[in-house]
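Let me begin by presenting the structure, written as structure tokens, before commenting on it.
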Number of protein chains: 2
Amino acid sequence: MARPLVPLISIDALVTAALELVDEAGDFSLPKLAKRIGVSQSSIYNHVSGREEILELMRGRIISESPYEIRGGDWEAALRTIVRSYRDAFARHPRLAPLLVLQTVQDHQVLALYENLAVALESAGFRGRDVLSAISTIDSFALGFALDLAAPDVVWAPPSEGFPALASALSNAGPADERGEAAFEFGLEILIAGLHSLLRSTVL
Amino acid sequence: MARPLVPLISIDALVTAALELVDEAGDFSLPKLAKRIGVSQSSIYNHVSGREEILELMRGRIISESPYEIRGGDWEAALRTIVRSYRDAFARHPRLAPLLVLQTVQDHQVLALYENLAVALESAGFRGRDVLSAISTIDSFALGFALDLAAPDVVWAPPSEGFPALASALSNAGPADERGEAAFEFGLEILIAGLHSLLRSTVL
DNA sequence: GACATTAAGCGAAAGGCTTTCGTTTATCGT
DNA sequence: ACGATAAACGAAAGCCTTTCGCTTAATGTC
């Protein structure tokens, strides 16, 4: 086929289809992506540089789909808002998270998110390299919880004997999504409380 | 070739070679693994079920290489010990972490680690579903920092303009490994302080 | 001791994947 | 008018994982 009158492929449609594949199957490949939008594999390379760029585009897409607004409020509220927004983005597409950990962040929206984090932490009173340490810590939390969303319902499946404390903890858990939600809120509280505590001990 | 007098392949050597490949190249494949131990690809399937099992074996190996001991001490010390040990395991093989996030944990050693975590948290005073929430939080934290070790030296590369707070934070950072170490210790303090704080507020 | 079964190597090949290349033809700019 | 660019295609190269059938040494059974 020659060049069509209107392009058959748009980057938007490409990303949408790729995201659908990831949501359904936990992964995507160019042959499957091409089949879904009714196009040949090789045509895709006329629009993006390759698989990696598609992944990065998906990162940008889901972050954009989860907008947040920081108005006024104190640093604590800002921090909660940012972390929740980040987590919500991955909650909508849980299986995307594992595919993104191998790649460097380049997306502008995500950088802006970290900028907002840095501002909030400075206004909280953190200085010097503590700002970056705090960002790294928050990042680890957020990424870890995003990955948790992609985990199977039963994350740890201990044999029936030999792990009593773990088994007991698991027996107290409700359904998987509820457990994940409770754990995230719990973790966020710990994070905030820990930051407060560190601020107190360094300021004094 | 027929069956040799002594097996050419041992699982130990297999895992060692695979780990070397991951350390060197950030990934491994069966052809490369076979070449390294001087054997054909297909022979490997006489010893393991496939790629996934090799990954799981590597997980077990690095955890075993980073033994820890919990004697006496309070829950706080136990928690520090466990998390440090986990992180040290991945610090020795940073590039393995991203390869493991897609897989469920089955390794016995790792399950034992979580069991110890559950015991420590119960002795701290956490009850019911809070135990699992705390485990998830600690898990997110540890996994996030393990992944951080595999990240490129410059994790965030903001353009020279538009992200002043982030740029300033980055300018205060020393060399990459030092930054990672500082951030981990910082995060561990936050985690511990946050847990203390939550204990206080629920017990009162 | 003879003999069937298992273990552990091999090569070949199937079927996936990403990416590159050459070809075709419509559109756009000069 | 016409050359350059854009956007499709098919074919193929070169990875990858896994399966299959073939060979032969070791092991266990009658």
Side-chain angles (χ1 to χ4, degrees), chain A residues 1-59 61 95-96 98-104 106, chain B residues 1-59 61 95-96 98-104 106:
Chain A
M1 196 203 295
R3 180 180 181 183
L5 296 107
V6 293
L8 298 182
I9 298 176
S10 81
I11 288 194
D12 250 33
L14 203 67
V15 175
T16 302
L19 215 37
E20 283 171 15
L21 282 172
V22 169
D23 287 342
E24 291 164 14
D27 202 356
F28 82 104
S29 76
L30 279 126
K32 285 171 190 157
L33 184 52
K35 186 161 288 180
R36 174 159 299 226
I37 57 183
V39 129
S40 85
Q41 301 175 32
S42 47
S43 306
I44 294 175
Y45 285 84
N46 288 317
H47 299 265
V48 294
S49 64
R51 189 178 207 274
E52 289 207 357
E53 186 176 341
I54 300 176
L55 277 168
E56 200 59 23
L57 286 168
M58 285 196 265
R59 194 203 305 266
R61 165 74 68 86
R95 311 179 80 173
L96 181 59
L99 306 182
L100 291 180
V101 298
L102 303 113
Q103 283 195 65
T104 327
Q106 285 161 335
Chain B
M1 196 203 293
R3 180 180 180 182
L5 296 105
V6 293
L8 299 181
I9 299 175
S10 81
I11 288 193
D12 250 33
L14 203 68
V15 175
T16 302
L19 215 38
E20 282 171 16
L21 283 172
V22 169
D23 287 342
E24 290 163 16
D27 202 356
F28 82 105
S29 75
L30 278 125
K32 284 171 190 157
L33 184 53
K35 187 161 287 177
R36 174 159 297 227
I37 56 182
V39 129
S40 86
Q41 302 175 31
S42 48
S43 305
I44 294 175
Y45 286 83
N46 287 318
H47 298 266
V48 295
S49 65
R51 188 176 208 274
E52 290 207 356
E53 187 178 339
I54 300 177
L55 277 168
E56 202 55 25
L57 286 167
M58 286 195 264
R59 194 203 304 267
R61 165 74 67 87
R95 311 178 81 174
L96 181 59
L99 306 182
L100 291 181
V101 299
L102 302 114
Q103 282 194 63
T104 328
Q106 284 161 337

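Naming: A, B, ... by sequence-line order, numbering from 1 per chain. What you see below is based on every heavy atom in this structure, not just the backbone, and it leaves out hydrogens, waters and symmetry mates.
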**OP:** Find the distance Ile44(B):CD1 to dA8(C):C1' and express it as a whole number of Å.
**Re:** 13 Å
Subject >> Interatomic distance where CG belongs to Asp27(A) and C1' belongs to dT18(C) [whole Å] >> reply: 13 Å
Original post:
Tyr45(A) has an atom OH; how far is it from atom P of dA6(D), in whole Å?
Top reply: 19 Å
**OP:** Round to a whole Å and report the spacing from CD1 of Ile11(B) to C1' of dA8(C).
**Re:** 13 Å
**OP:** Output all residues satisfying side chain to side chain contact (heavy atoms under 4.5 Å, CB included) with Leu33(B), sequence neighbours left out; order by chain, then residue number.
**Re:** Leu14(B), Ala17(B), Ala18(B), Leu21(B), Phe28(B), Ile44(B), Ile54(B)
Original post:
Is His47(B) near enough to dA7(C) that one of its side-chain N or O atoms lies under 4.0 angstrom from OP1 or OP2?
Top reply: no
**OP:** Round to the nearest Å and state the distance from Leu14(A) atom CG to dA7(D) atom P.
**Re:** 13 Å
Original post:
When you check the phosphate oxygens OP1 and OP2 of dA8(D), does a side-chain N or O of Ser43(A) lie under 4.0 Å from one of them?
Top reply: no
Original post:
With sequence neighbours left out, what residues match Glu53(B) under side-chain hydrogen bond (donor to acceptor under 3.5 Å, both in side chains)?
Top reply: Ser49(B)
Subject >> Which residues share a side chain to side chain contact (heavy atoms under 4.5 Å, CB included) with Lys35(B), sequence neighbours left out >> reply: none
**OP:** Please list, chain by chain and in numerical order, all residues satisfying side chain to side chain contact (heavy atoms under 4.5 Å, CB included) with Ser42(B), sequence neighbours excluded.
**Re:** Ser40(B)
Original post:
Looking at CZ of Arg95(B) and CG of Leu102(A), how far apart are the two atoms once the value is rounded to the nearest 0.5 Å?
Top reply: 10.5 Å
Original post:
What's the CD-C1' distance between Glu53(B) and dT17(D), to the nearest Å?
Top reply: 15 Å
Original post:
How close do Leu19(A) and Met58(A) get, heavy atom to heavy atom, and via which atoms?
Top reply: CD1-SD, 3.7 Å
**OP:** Take nucleotides 11-16 of chain D nucleotide by nucleotide from the 5' end and write B, S or -, depending on whether a protein heavy atom sits under 4.0 Å from the base, only from the sugar-phosphate, or from neither.
**Re:** -----S
**OP:** Let me know the distance between CD1 of Ile37(B) and C1' of dG9(C), rounded to the nearest Å.
**Re:** 12 Å
**OP:** Answer yes or no: side-chain N or O of Asn46(A) and base N or O of dA6(D) forming a donor-acceptor pair under 3.5 Å.
**Re:** no
Subject >> Pairwise side-chain hydrogen bond (donor to acceptor under 3.5 Å, both in side chains) hits with a residue in residues 13-28 of chain A, at least two apart >> reply: Thr16(A)-Arg61(A), Glu20(A)-Arg36(A), Asp23(A)-His93(A), Glu24(A)-Arg36(A), Asp27(A)-Arg51(A)
**OP:** Could I get the full list of side chain to side chain contact (heavy atoms under 4.5 Å, CB included) partners for Gln103(B), not counting sequence neighbours?
**Re:** Glu52(B), Leu55(B), Glu56(B), Arg59(B)
**OP:** Find the bend of the helix from dG1(C)-dC30(D) to dT30(C)-dA1(D) as the angle between its two terminal axes (five pairs each), to the nearest 10°.
**Re:** 10°
Original post:
Of the residues in residues 18-26 of chain B, which ones touch DNA chain D at a heavy-atom distance under 4.0 Å?
Top reply: none
